[in-house]
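This report concerns only the one structure given below.
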Amino acid sequence: MNKLFFLLVFLPFFGFSQSSIEKQASSQKDYLITGNVSGYDNGTSVSYLNQQTQVPEKQTTIENGKFILKGHLPEPTFIVLVFGDQPPAIPLFIDNSNIRITGDKNNLDHLSITGSKSQNDFAELSKEMKPYESMFAPDAPKDPASVAAVEKISENFVKKHPSSYVSPIAIVRIMQSSENSVLAEKLFQSLSKEVKNSQLAQYINQQLALAKINPIGSEIANFSQTDTAGKTVKISSFKGKYVLIDFWASWCGPCRAENPNVVAAFNKYHDKNFTVLGISLDQAKPAWLNAIHADGLTWTHVSDLKGWGNEVAGLFHVQSIPQNLLIDPSGKIIAKNLRGEALNNKLKELLK
């Protein structure tokens, strides 16, 4: 699955006194974050981390260990606080509440954060997920026992908190660890109406719609196309092997950058019942053949040289490349869009 970018809400700091801010926050249902974090010099910045750009955006400064942030949220949301533009970043899930953060610079992992029900829910989920958080990176290995544990934790959390704006994160964890779209869809439908309409839940809904295209567990559709010598190649001829169906093109920069990873996987596992079938969205045959030779792609290649009109790409609703499907020896789709180390990890798991 692609990396999830949470929407962060950036709001200006207003230089009111604490008592006047608390009064306004209460009447307007704003959020108010009051911090008392010792160990920082006066003037140290307190920023939100913009996850789109990975750049901290300054909101206020610390004076005598204290800082205040105020604003209004259209819905409870995820933010990341950074002190002095230095790690570690502090993830928070806040709502329009009076939130207090206390602690020490030298122990930021154990800050006390109180006053937000959303943050309490987030802390509960994060604590349960902590043993498995290394699995949520796109290229991370995913052992079956850990995947099952993540699914169970997520399912229990959503059932317990169907009206929590944190519950969509539990569903995201399923999609990151196992791509179990059936369970993710079931849990999504159990969310309250308000949570379903949240921006994070709408992101999940889009991903679920994509997951229904070439779903994992489905039989690969039968297709054929001609290879570089003009001979017809049928996908059914690969039955009995694990096959990576790789959609690419000579003109596609990201595809060419990914090719060394595919070559490494092919060289490592091709004598262990694994192969690759390249499907090119090229139009010019010389460019296609030159790229195959230049990149050392020694597996079977097919194309109808119709570019984005490639009939097999259309059959599988391919709208961007690189893209791939991994099928098992029976012809079932068992993984999608394995790139980098993720491909090697999956094949290592399957072909021990």
Side-chain angles (χ1 to χ4, degrees), residues 1-3 137-142 175-181 207 210-225 227-228 233-239 241-270 272-282 288 291-292 295-304 307-308 310-351:
M1 172 181 180
N2 292 333
K3 181 180 177 183
D139 297 340
K142 298 170 175 62
M175 299 170 75
Q176 288 174 320
S177 60
S178 68
E179 297 189 22
N180 186 342
S181 58
Q207 296 304 307
L210 292 174
K212 291 175 182 176
I213 301 172
N214 312 317
I216 291 174
S218 64
E219 295 281 345
I220 193 76
N222 193 26
F223 67 85
S224 63
Q225 206 154 80
D227 65 10
T228 56
V233 176
K234 297 181 179 180
I235 187 60
S236 58
S237 67
F238 293 91
K239 207 129 189 178
K241 289 181 176 287
Y242 288 95
V243 184
L244 185 75
I245 302 171
D246 186 32
F247 294 92
W248 73 295
S250 66
W251 45 261
C252 169
C255 303
R256 303 292 296 273
E258 180 63 20
N259 278 344
N261 295 320
V262 184
V263 169
F266 179 79
N267 290 341
K268 187 174 183 179
Y269 295 106
H270 78 275
K272 298 181 180 179
N273 210 35
F274 168 73
T275 193
V276 180
L277 174 62
I279 300 177
S280 172
L281 275 65
D282 273 284
W288 175 37
I292 292 172
D295 292 0
L297 313 181
T298 57
W299 47 83
T300 302
H301 293 271
V302 298
S303 181
D304 57 12
W308 284 110
N310 184 291
E311 293 182 9
V312 177
L315 177 65
F316 291 100
H317 303 275
V318 172
Q319 297 180 340
S320 64
I321 52 174
Q323 193 167 148
N324 60 53
L325 301 169
L326 180 64
I327 62 174
D328 70 7
S330 71
K332 283 187 178 180
I333 298 172
I334 55 174
K336 299 190 291 185
N337 295 325
L338 296 169
R339 299 194 184 105
E341 194 60 23
L343 175 59
N344 180 68
N345 289 336
K346 186 64 176 180
L347 294 174
K348 182 179 179 181
E349 171 194 323
L350 294 169
L351 306 172

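All of these numbers come straight from a predicted model, not from anything done at the bench.
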Nearest heavy-atom contact between Ala249 and Ser280 is CA-OG, 4.1 Å
What's the spacing between Lys346 NZ and Leu244 CG if we round to 0.5 Å? 12.5 Å
Who passes ring-ring contact (aromatic ring centres under 6.0 Å, His included) against Phe266, sequence neighbours left out? His270, Trp299
For His317, the ring-ring contact (aromatic ring centres under 6.0 Å, His included) test, sequence neighbours excluded, returns none
Can you measure from SG (Cys252) to CG (Leu281) and round to the nearest 0.5 angstrom? 9.0 Å
side-chain contact (heavy atoms from CB on, under 4.5 Å) against Lys241, all qualifying residues, sequence neighbours excluded: Val243, Asn273, Thr275
Once salt bridge (charged side-chain N to carboxylate O under 4.0 Å, His left out) is applied, do any residues pair with Asp304, and if so which ones, sequence neighbours excluded? none
Using 0.5 Å steps for rounding, measure from the CZ atom of Phe274 to the CG atom of Leu351. 8.0 Å
Less than 4.5 Å apart, side chain to side chain, heavy atoms only: is that true for Val263 and Asp295? no
Atom CG in Leu315, atom CG in Asn214: separation rounded to 0.5 Å? 8.0 Å
Is there a side chain to side chain contact (heavy atoms under 4.5 Å, CB included) between Ile216 and Ser181 once you walk through the steps? CA-CA 8 Å; Ile216 291 174; Ser181 58; over 6 Å; no
Could I get the full list of side-chain hydrogen bond (donor to acceptor under 3.5 Å, both in side chains) partners for Glu311, not counting sequence neighbours? Lys306
Results of side-chain contact (heavy atoms from CB on, under 4.5 Å) for Asn261 - residues two or more places apart only: Glu258
Residue list, side-chain contact (heavy atoms from CB on, under 4.5 Å) with Ala257, at least two apart or on another chain: none
Ser224 versus Lys234, closest heavy-atom pair with distance: CB-CG, 3.8 Å
May I ask you to decide if Ile245's main-chain N or O and Asn324's side chain share a donor-acceptor pair within less than 3.5 Å? no
Residues passing the ring-ring contact (aromatic ring centres under 6.0 Å, His included) test with Trp251, sequence neighbours excluded, are Trp308
Measuring only between side-chain heavy atoms, which start at C-beta, is Trp248 closer than 4.5 Å to Leu297? yes
Test of understanding: with salt bridge (charged side-chain N to carboxylate O under 4.0 Å, His left out), list the residues that count as partners of Lys272, not counting sequence neighbours. none
Any heavy-atom pair between the side chains of Gln225 and Val233 that's under 4.5 Å? no
All heavy atoms of Ala221 vs all of Ile235, minimum pair found to be O-CG2, 3.9 Å
Say whether, by atom type as modelled, one donor and one acceptor occur between the side chain of Asp227 and the main chain of His301 under 3.5 angstrom. no
Once salt bridge (Lys or Arg N to Asp or Glu O under 4.0 Å) is applied, what residue pairs with a partner in residues 259-268 remain, sequence neighbours excluded? none
Does the side chain of Leu350 come within less than 4.5 Å of Leu326's, by heavy atoms? yes
Asn310 side chain near Ser303 side chain, heavy-atom distance below 4.5 Å: yes
Residues in side-chain contact (heavy atoms from CB on, under 4.5 Å) with Ser250, at least two apart? Arg256, Asp282, Ala287, Ala291
Rounded to the nearest 0.5 Å, what's the gap from CD1 on Ile279 to CZ on Phe223? Could you check? 4.0 Å
What's the verdict on ring-ring contact (aromatic ring centres under 6.0 Å, His included) for Tyr242 and Tyr269, showing C-alpha distance, side-chain angles and the deciding distance? CA-CA 10 Å; Tyr242 288 95; Tyr269 295 106; over 10 Å; no
Going by ring pair (Phe, Tyr, Trp, His ring centres under 6.0 Å), name the pairs with one or both residues in residues 324-346, residues two or more places apart or in two chains. none
What distance do Asn345 atom CG and Leu338 atom CG have between them, rounded to the nearest 0.5 Å? 9.5 Å
